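Here the structure is laid out as structure tokens; the discussion comes afterwards.
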Amino acid sequence: MHLLENIPLAPLTTFRIGGPARYFVEAREIGEVQEAVQFARSSDLPLFVLGGGSNLVVSDAGWPGLVLKVAVMGIDRRSGYDEEGNVLFDAGAGEPWDRFVSQAVLARCAGVECLSGIPGSVGGTPVQNVGAYGQEVSETIVSVQVLDLGDNDGQVRELCNEACGFRYRTSIFNTTERGRFIILRVTYALTPNGPPRIAYADLKRHFNGWESPPTLAETREAVRHIRALKGMLIVAGDEDCQSAGSFFKNPVLGEEENEKLKMRAANRGLALPSYPALETNKKVSAAWLVEHSGFAKGYGYGRVGISRKHALAIVNRSGATAAEVLALKDQIQQRVQEIWGVRLESEPVMLGF
Ligand code: EPU
């Protein structure tokens, strides 16, 4: 284990904001992960596990404990097929997520093509059940290999899909069992020669008028293109992507609440976009609520602002502080609550606040 001290965290995040980690370890092997945990315990230091840093806001003071970057690598295709004829891929938690997607698409395996161009690491995907353009990782994750810091202290375990408790942007890893497991590897089941999922309106529109159905590779390109238009693809030099992606979750409302909100919008001559969610619930567009509360795309607030390409992303325009991000977040939450009576929940992980 190679222990480093006072390591700036901002460059390890897509937001490029935040102070240093008092201690820092990059662990390439499971043994190193275990050693790092032991070190944090014996030194009585709070432990934070860092993935790709793409859904993270680090406080200006940084983190007084140990930041453990899990860099367990490797993407392995198992030989043979499962009962459903799917191929299993084991991917190390530290692998960049998009590298895995690209390999899956190259191997003509369907199931993650709509999740192309998402920043961050493989290990981060089960935590918030990463989803986009009509797909979620919960649909393809077979199991997650973890280091259990709870009752089965220090043991490496394999959690099956059901045990992960996946829902919209949540799992046990960011709710009931937060902090208990360190994700080491994830196993995905993908469909060889399966068709791409063309379900999301943006994708349907993109392929409208095509004579033959798109391939997985064409779908991947389309998703990356759409993401780029929204500032949700990391492009060097584009300050609209210096963000943590969507800053707020899309609120999930009951039928009645959704109707009330729709009425409120209609009274102002506006149409509220909402989509079916679990059971009879509706998912309401948080981006729309933000935009219709006085925070247009491109809104500026000192060194932070709203992306010019998507109202749901708070962006660091240059040298911003976490305090500035939080001040804008509070303002948005307050205005949306006042105008629409809805409490927006922030989506990124907050470290050191
Ligand atoms: N909209 C606006 N203003 C905007 C952008 C969108 O009013 O600036 C409205 C439009 O009506 C649009 C609707 O919101 O049709 C949906 O927008 P979009 O397709 O961009 O999706 P989203 O709900 O804003 C979610 C995820 C994204 C994911 C996309 C595509 C959440 C919190 N966000 O955004 O995930 O890429 O769908 O599936 O669920 C992330 O989590 O960081 C993320 C980028």
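Keep in mind that what you see is a predicted model, and the values were worked out from it rather than measured. Start at 1 and go down the list; that is how both ligands and their atoms are numbered.
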Going by the atom numbers of ligand 1, which of them fall below 4.0 Å from some non-hydrogen atom of [X]?
X	value
K230	18 (P), 19 (O), 20 (O)
H310	5 (C), 6 (C), 8 (O), 18 (P), 20 (O), 24 (O)
L312	24 (O)
Y168	31 (C), 32 (C), 39 (O)

- Report the residue from P119, S246, P348 that forms a side-chain contact (heavy atoms from CB on, under 4.5 Å) with N55. P348
- The residue among L328, V290, V57, V315 that forms side-chain contact (heavy atoms from CB on, under 4.5 Å) with F247 is V57
- Query: What residue and heavy atom of the protein are closest to atom 38 (O) of ligand 1, and at what distance?
  - Reply: Y133 N, 2.6 Å
- Item | Nearest neighbour in protein (non-hydrogen) for atom 1 (N) of ligand 1 | A287 CB, 3.7 Å
- Query: Going by atom types only, do R335 and S293 share a side-chain donor-acceptor pair under 3.5 Å?
  - Reply: no
- Message: Could you tell me if Q128 and N174 have a donor-acceptor pair between their side chains, going purely by distance under 3.5 Å?
- Response: no
- N250, any N or O under 3.5 Å of ligand 1 N or O: yes
- Message: Considering both backbone and side-chain atoms of E291, is one of its nitrogen or oxygen atoms within less than 3.5 Å of a nitrogen or oxygen in ligand 1?
- Response: yes
Does [X], at its [atom1] atom, have more than 12 non-hydrogen atoms belonging to other residues, nucleotides or ligands within less than 6.0 Å?
X	atom1	result
R167	CZ	no
Y81	OH	no
E256	CD	no

Option with minimal heavy-atom separation from [atom], where the choices are [options]:
atom	options	result
atom 44 (C) of ligand 1	S246, S274, G245, A286	S246
atom 21 (O) of ligand 1	F248, Y200, F247	Y200
atom 11 (O) of ligand 1	G117, P273, G131, A132	P273

- From the options K309, R16, R308, select the one residue that forms a salt bridge (Lys or Arg N to Asp or Glu O under 4.0 Å) with E239. R308
- Query: Does any N or O in the side chain of Q135 come within less than 3.5 Å of the main-chain N or O of C114, such that one atom is a donor and the other an acceptor?
  - Reply: yes
Among the heavy atoms of [X], does any lie under 4.0 Å from an atom of ligand 1?
X	value
R169	yes
R227	yes
Y275	yes

Check: residues 158-166 side-chain donor-acceptor pairs under 3.5 Å, at least two apart:
| from | atom 1 | to | atom 2 | distance (Å) |
| --- | --- | --- | --- | --- |
| E158 | OE2 | S143 | OG | 2.9 |
| N161 | ND2 | S138 | O | 2.8 |
| N161 | ND2 | I141 | O | 2.8 |

- Note on the structure: Any heavy atom of D202 under 4.0 Å from ligand 1? The part involved is side chain
- Message: Below 4.0 Å, non-hydrogen atoms only: which portion of S285 touches ligand 1? Side chain, backbone, both or neither.
- Response: side chain
